[in-house]
Amino acid sequence: EYVLPTLINMYAECGDTRSAHAMFGRVPDGDCVVSYNAMITAAVRSSRPGEALVLFREMQAKGLKPTPVTLTSVLSACALLGALELGRWIHEYVRKAGLDSLVKVNTALIDMYGKCGSLEDAIGVFQGMESIDRQAWSVMIVAYANHSYGREAISLFEEMRKQGIKPDAVTFLGLLYACSHSGMVSEGLQYFDSMREYGIVPGIKHYGCVTDLLARSGQLEKAYKFIDELPIKPTAILWRTLLSACGSHGAVDLGKRVFERILELDDTHGGDYVIYSNLCANTGEWEEMNRVRKLMNEKGVVKVPGCSSIEIDNRVHEFFAGDARHPHARRMVDQVIEQLKLVGYVPNTSQVFHVEMGEEEKATSLRYHSEKLAISFGLLNTSPGTTLRVVKNLRVCPDCHSMAKLVSMLFNRQIILRDLNRFHHFEDGVCSCGDYCLKSYCKCSSYKSWYG
DNA sequence: CGAAACCTGA
């Protein structure tokens, strides 16, 4: 019976979750895998990976056997969450079920490993594939890009070309992304220009990568001009990319111009106000900072708190900035403070004092940073011998860097930090992407105040 | 019913 699943999918695609659920509820008992697949796919597509996993567990509890479709969708959910352990479990299942020859399943596995921080496993799956299609090549290039391995991404691209596989728009995104995150400006621009030879028309995301390429490397004015002269209307995202680079390069004058441009397009995005007001604070423009803070309050912007997540015993726990109520967060904060004391790395006592004194604002900030630290430690305190943990959304700054150094000395482990989009590998306290990530990617003033 | 895709902070 394929009518219900098709209806579920239709409703989900139109964004009508309620009707989709209603349809799902009408599926008779003993129900079909296909309906579950439709629901899981819908959840993943609308960025609700947690819901997808709940459905998956429910389905297993009913004794329904996952199909390749289920597995690819669930792997995609794992990728979104950074749920490496669950992803490995699925991989094991795939092997046992003899599904490891399916290109789509393998592609989903590569993507999952890439997004969950295990590049080695991604490479392992890639190399074990009998036939590799365009999408699998692209996903592997994106995985290298996310891990800041620009050279490797490029050589994979060249290899792909040699084998006569035609790159598509996504392949180029991965390639440009790799270049911008490895500081390979001229290479990136060259590849951007070569897109036409493949008959690919650059889209807004390609322009976004080039903006990032120029801006991150400090060519801020050039980036401004680039956006301004685009053949298509730039989105707020493009300007935001530039604004963030102005932030890391301390370019407050250009930052102001860019900020104005953003407000023309979208004045509801809280992050823009925060980036710009921080830039003002870092460059001593106090009046301007106050003006922006006020503006932000007047506009009633959407504030989405920063979120980090960790995986313990196959469950992913999410932590939001300023929220220390989560039992794991609480426990880890205490653990971290203990650990810090043990190695003589004592948190600034006056800040701890602020917590006791109940100065809300400062206490929140301490909790925020403690959580980030707690997460690093919490992860590293799990089973010895594992070298890999995933920390999502952790900003990298020199202080985190020294944190990483401390941790890798203490536990003799390799650690991997994942910030929003990419991974930093620290071994013996040294990041694999060299100075580049630290020089141009950090916004450390706020962290400094805590570590002293 | 199936996989990839630009930016981001207190």
Side-chain angles (χ1 to χ4, degrees), chain A residues 2 4-10 12-13 32-42 44-45 66-77 79 102-112 114-115 133-143 145-146 168-177 180-181 202-213 215-216 227 234-245 247-248 262 269-279 281 293 296 301 303-307 320-322 361 364-365 367-369 393 395 419-421 443 446:
Chain A
Y2 283 81
L4 280 174
T6 310
L7 278 173
I8 291 171
N9 198 40
M10 187 201 81
E13 215 138 84
C32 68
V33 183
V34 187
S35 292
Y36 266 102
N37 288 352
M39 289 298 284
I40 292 173
T41 310
V44 172
R45 269 209 290 251
T67 67
V69 178
T70 325
L71 299 173
T72 48
S73 299
V74 172
L75 284 169
S76 185
L102 299 178
V103 180
K104 285 188 181 193
V105 173
N106 280 327
T107 308
L109 277 169
I110 294 169
D111 186 50
M112 180 278 296
K115 297 256 170 62
D133 64 3
R134 172 161 57 193
Q135 210 160 4
W137 281 102
S138 301
V139 167
M140 195 60 228
I141 289 172
V142 171
N146 281 333
D168 66 3
V170 181
T171 320
F172 272 99
L173 269 181
L175 199 56
L176 294 173
Y177 194 59
S180 80
H181 287 323
I204 191 76
K205 291 180 184 177
H206 299 97
Y207 293 131
C209 283
V210 174
T211 304
D212 197 49
L213 192 67
R216 222 180 263 276
I227 304 175
T235 56
I237 292 182
L238 259 63
W239 290 114
R240 189 171 302 137
T241 304
L242 179 52
L243 182 64
S244 123
S248 32
I262 294 178
H269 196 282
D272 299 326
Y273 297 82
V274 177
I275 299 168
Y276 181 52
S277 81
N278 284 349
L279 170 56
R293 291 262 154 106
M296 183 169 159
V301 298
K303 291 173 198 160
V304 182
C307 171
F320 291 90
E361 206 173 311
T364 305
S365 139
R367 277 205 296 272
Y368 184 74
H369 295 296
N393 291 8
R395 292 274 164 281
D419 71 25
L420 278 170
N421 295 308
K443 297 132 185 138
S446 57

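Just so it is clear, the structure is predicted and the values come from calculations on it, not from any experiment. Each chain gets a letter, A, B and so on, in the order its sequence line appears, and its residues count up from 1.
- Within the 4.0 angstrom heavy-atom criterion, only backbone atoms of the sugar-phosphate kind lie near A/Ile275; the bases stay farther away.
- Side-chain proximity of A/Thr41 to the nucleotides B/dC7, B/dA4, B/dG2 is greatest for B/dG2.
- Atom OH in A/Tyr177 sits roughly 9 Å away from atom P in B/dA5 (whole-Å rounding).
- Ranking B/dT8, B/dC1, B/dA4 by closeness to the A/Thr67 side chain, first place goes to B/dC1.
- Between A/Leu75 and A/Asp111, the closest side-chain pair of non-hydrogen atoms is not below 4.5 Å.
- With B/dG2, B/dA10, B/dA5 as the candidates, the nucleotide lying closest to the side chain of A/Arg45 is B/dG2.
- Although no hydrogens or angles enter the test, the distance criterion places a donor-acceptor pair under 3.5 Å between the side chain of A/Ser73 and the main chain of A/Val69.
- Side-chain N/O atoms of A/Lys115 include one lying less than 4.0 angstrom from OP1 or OP2 on B/dA5.
- Nucleic acid contact class of A/Val170 (heavy atoms, under 4.0 Å, all strands): base.
- In the set B/dG9, B/dC1, B/dA4, the nucleotide with an atom closest to the side chain of A/Asp168 is B/dA4.
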- Between A/His181 and A/Asp212, does a side-chain contact (heavy atoms from CB on, under 4.5 Å) hold up when you go through it step by step? CA-CA 8 Å; A/His181 287 323; A/Asp212 197 49; 3.6 Å; yes
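- Checking B/dA4, B/dC7, B/dA10 against the side-chain heavy atoms of A/Gln135 singles out B/dA4 as nearest.
- Here the side chain of A/Val34 is nearest to one of B/dC1, B/dC6, B/dA4, namely B/dC1.
- Between A/Arg216 and B/dT8 there is a side-chain polar atom (N or O) within less than 4.0 angstrom of OP1 or OP2.
- In this structure, A/Thr107 does not reach the B/dA4 phosphate: none of its side-chain N or O atoms is under 4.0 Å from OP1 or OP2.
- Shown here are the ring pair (Phe, Tyr, Trp, His ring centres under 6.0 Å) partners of A/Tyr276, two or more places apart in sequence or in another chain: A/Phe259.
- For A/His269 and B/dA10, the shortest distance from a side-chain N or O to OP1 or OP2 is not below 4.0 Å.
- Atoms CG (A/Leu109) and C1' (B/dG2) sit 13 Å apart, rounded to a whole Å.
- Protein atom CD1 of A/Ile204 is 17 Å distant from nucleotide atom P of B/dA5, rounded to whole Å.
- Taking atom CG on A/Leu75 and atom C1' on B/dC1, their separation rounds to 15 Å, with Å as the unit.
- Of the side-chain N and O atoms in A/Asn278, one or more sit less than 4.0 angstrom from OP1 or OP2 of B/dA10.
- Computed from coordinates, the A/Leu238 CG to B/dA5 P distance equals 18 Å when rounded to whole Å.
- Across all strands shown, A/Asn106 has no heavy atoms under 4.0 Å from either base or sugar-phosphate atoms.
- In this structure a side-chain-to-backbone donor-acceptor pair under 3.5 Å is present from A/His206 to A/Ala169.
- Among the atoms of the strands shown, none is found under 4.0 Å from any heavy atom of A/Ile40.
- When the side-chain contact (heavy atoms from CB on, under 4.5 Å) test is applied to A/Thr70, the partners found at least two apart in sequence or on another chain are A/Val33, A/Asn37, A/Ile40, A/Phe56, A/Met59, A/Pro66, A/Thr67, A/Val74.
- Rounded to whole Å, atom P of B/dT8 lies 17 Å from atom CE of A/Met296.
- Computed from coordinates, the A/Tyr276 OH to B/dA10 P distance equals 17 Å when rounded to whole Å.
- Remark on DNA chain B: of its neighbouring residues A/Val69 and A/Val44, the 5'-side contact belongs to A/Val69, judged by nearest-heavy-atom nucleotide.
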- Query: side chain to side chain donor-acceptor pair (under 3.5 Å) between A/Ser277 and A/Arg293: does it pass, once the steps are laid out?
  - Reply: CA-CA 7 Å; A/Ser277 81; A/Arg293 291 262 154 106; 3.1 Å; yes
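- Of the candidate nucleotides B/dA5, B/dA10, B/dC7, B/dA5 has the atom lying nearest to any side-chain atom of A/Lys205.
- Proximity note for A/Ala38 (side chain, C-beta onward) versus B/dG2, B/dC1, B/dC7: the nearest is B/dC1.
- As judged by a 4.0 angstrom heavy-atom cut-off over every strand, A/Ser76 is placed among residues touching the sugar-phosphate backbone only.
- In this structure, CG of A/Leu173 is placed 5 Å from C1' of B/dA5, rounded to the nearest angstrom.
- Nearest to the side chain of A/Ser73, among B/dG2, B/dA10, B/dC7, sits B/dG2.
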